[in-house]
2 protein chains.
Amino acid sequence: MTTGEQGVPPLDPSELGAYFVLTEAVSLLQYQVEQQLRAEGGISYVQFQLLARLAHLDGPLTMTELADGVVYSRSGLTYQAGLLEKAGLVTRGPSPEDDRVTLVAVTADGRALVERVLPGHVQVIRRLLFDPLTDDDLHHVADIMTRVRDHMRTQPPRSAAPRRSRNSPSA
Amino acid sequence: MTTGEQGVPPLDPSELGAYFVLTEAVSLLQYQVEQQLRAEGGISYVQFQLLARLAHLDGPLTMTELADGVVYSRSGLTYQAGLLEKAGLVTRGPSPEDDRVTLVAVTADGRALVERVLPGHVQVIRRLLFDPLTDDDLHHVADIMTRVRDHMRTQPPRSAAPRRSRNSPSA
DNA sequence: TATTGTTATACTCTATAACTATA
DNA sequence: TATAGTTATAGAGTATAACAATA
């Protein structure tokens, strides 16, 4: 059967299988990680990422810097920062250098939370992801996914649809 | 409280790197896939999965069967099925064999939507995931992640909190 | 004018529990 | 009693656009 208007070759079974199992495995992992963070720290994965980043860098970050790598919209980060601030895990304050920016810093409580939650977090990852893998597997995965990641990061965003001109939108 | 305090060894840099790059890459991929499906079909990834599954199997499924593999709560599936039905992409009807179950079937429109969206879907996956990989890489990823997936599936759910570990966990 | 961040708002999705009805 | 599914509802998260303040 001819696929698509531009003759896009279909994925062969190997590719399909790799794609499905990759997303399925990561999805399962993410779910378990979310559960652990929620149970032991009462925070979401995103909140953990923000706290861990601030705790690791050991200096305040601007909202924009904090958003980098965490794909949020600005308003999304404002929302999350608001939650964390209300919980006493971060503080927000003005910058002496640029009156437009807000500096975000971890509090002692925030730091303590990260440290309390981290062992369980590591345990989940180790148990689910690394236990069934050899050192060789580990390096393969890291190498391969690094290439994929770098490739994606250099790709043009291209968020627009390549075709879609013919049919009316669904429903 | 110190919950995971069994002397959990920290992840070494190799492990941490592998974990981060794996989740980051998949996260980027999922985002792009969502964009494509939304732009070209007006549906979410979950909705696409449900439609694709029904279209592939070519026979109606019960709500419970349809939920399998898509980790939803029943109510979540009811919600999604309601959206798809309202959009004319699936139908829901009674089963002649068991009056408790609801049979879900794809409509012609639903099938057409899957076919319209699939080439772009494949294109995104190929461009982002497979382009930077060799055949060898592909098989490595599939093999490794299959082991991880199978390992996770056989792990006890362990959704409960690690506190109360002294007491009998059953109910 | 461009940038930083907030707010207002609307929407999507998910989870829980109560409920109906069948088996 | 157990199972299939729906509903009601509440909550988390996200996205967009309008906005104010500063560079």
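It should be emphasised that the depicted structure is a prediction, and the values quoted were computed from it without experimental measurement. Labels below follow one simple rule: chain letters A, B, ... track the order of the sequence lines, proteins then strands, and each chain is numbered from 1.
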Using a cut-off of strictly less than 4.0 Å, decide whether [X] has a side-chain nitrogen or oxygen near OP1 or OP2 of [N].
X	N	value
A:Q80	D:dT14	yes
A:R74	C:dT6	no
A:Q47	D:dG13	yes

Report the distance from atom [atom1] of [X] to atom [atom2] of [N], rounded to the nearest whole Å.
X	N	atom1	atom2	value
B:I43	C:dT12	CD1	C1'	15 Å
B:F48	C:dT12	CZ	P	20 Å
B:L77	C:dA15	CG	P	12 Å
A:D98	D:dA23	CG	P	5 Å
A:Y79	C:dG5	OH	C1'	18 Å
A:L61	C:dT4	CG	P	14 Å
A:Q49	D:dG13	CD	P	13 Å
B:E34	D:dT14	CD	C1'	12 Å

Which is it for B:L22 and B:M145 under the side chain to side chain contact (heavy atoms under 4.5 Å, CB included) test, yes or no, and what are the steps along the way? CA-CA 11 Å; B:L22 177 66; B:M145 295 317 288; 4.1 Å; yes
Under 4.0 Å, counting only non-hydrogen atoms across every strand here, what does A:T78 touch: a base, just sugar-phosphate, or nothing?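 Counting heavy atoms under 4.0 Å across all strands, the contact made by A:T78 includes a base.
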Indicate, with a heavy-atom threshold strictly under 4.0 Å, whether A:L83 touches base, sugar-phosphate, or nothing.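 It contacts sugar-phosphate atoms only.
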Within the distance-only criterion (no hydrogens, no angle test), does the side chain of A:H151 pair as donor or acceptor with the backbone N or O of B:R127 below 3.5 angstrom? yes
Candidates [options] - which lies nearest the side chain of [X]:
X	options	value
B:R100	C:dT22, D:dA15, C:dC13	C:dT22
A:S44	C:dT4, C:dC13, D:dG13	D:dG13
A:T64	C:dT4, D:dA23, D:dG13	C:dT4
B:V101	C:dT14, D:dA4, D:dT22	D:dA4

Side-chain donor-acceptor pair present, A:S95, A:R100, cut-off under 3.5 Å: no
Test: A:R153 and B:E24 ion pair at under 4.0 Å: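 Yes, this pair counts.
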How long is the span from the NE2 atom in B:H139 to the OG1 atom in B:T146, to the nearest 0.5 Å?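 Spacing of NE2 (B:H139) from OG1 (B:T146) equals 11.0 Å.
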Side chains of A:T64 and A:R74: closer than 4.5 Å at any heavy-atom pair?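 The answer is yes, as the side chains (C-beta and beyond) meet within the 4.5 Å cut-off.
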In the structure I gave you, are the side-chain heavy atoms of B:Y45 and B:Q30 within less than 4.5 Å of one another anywhere?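 Side-chain contact under 4.5 Å: no.
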Assign each of B:T62 and A:S75 to its nearest nucleotide of DNA chain D by heavy atoms, then name whichever residue's nucleotide is nearer the 5' end. B:T62
Least distance between heavy atoms, B:E85 atom then B:R92 atom: OE1-NH2, 2.9 Å
Correct closest heavy-atom pair for A:V117 and A:Q36 would be O-NE2, 3.2 Å
Do any pairs count as a salt bridge (Lys or Arg N to Asp or Glu O under 4.0 Å) and have a residue in residues 131-143 of chain A, sequence neighbours left out, and if so which ones?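 Counting only pairs at least two positions apart or across chains, the salt bridge (Lys or Arg N to Asp or Glu O under 4.0 Å) contacts touching residues 131-143 of chain A are A:D137-B:R147, A:D143-A:R147.
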Which residues, if any, of residues 90-97 of chain B bring a heavy atom under 4.0 Å of DNA chain D?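 Heavy-atom cutoff 4.0 Å gives B:R92.
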With axes from five pairs an end, tell me the bend angle of the helix from C:dT1-D:dA23 to C:dA23-D:dT1, nearest 10°.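 Between the axes fitted at each end of the helix from C:dT1-D:dA23 to C:dA23-D:dT1 lies an angle of 0°.
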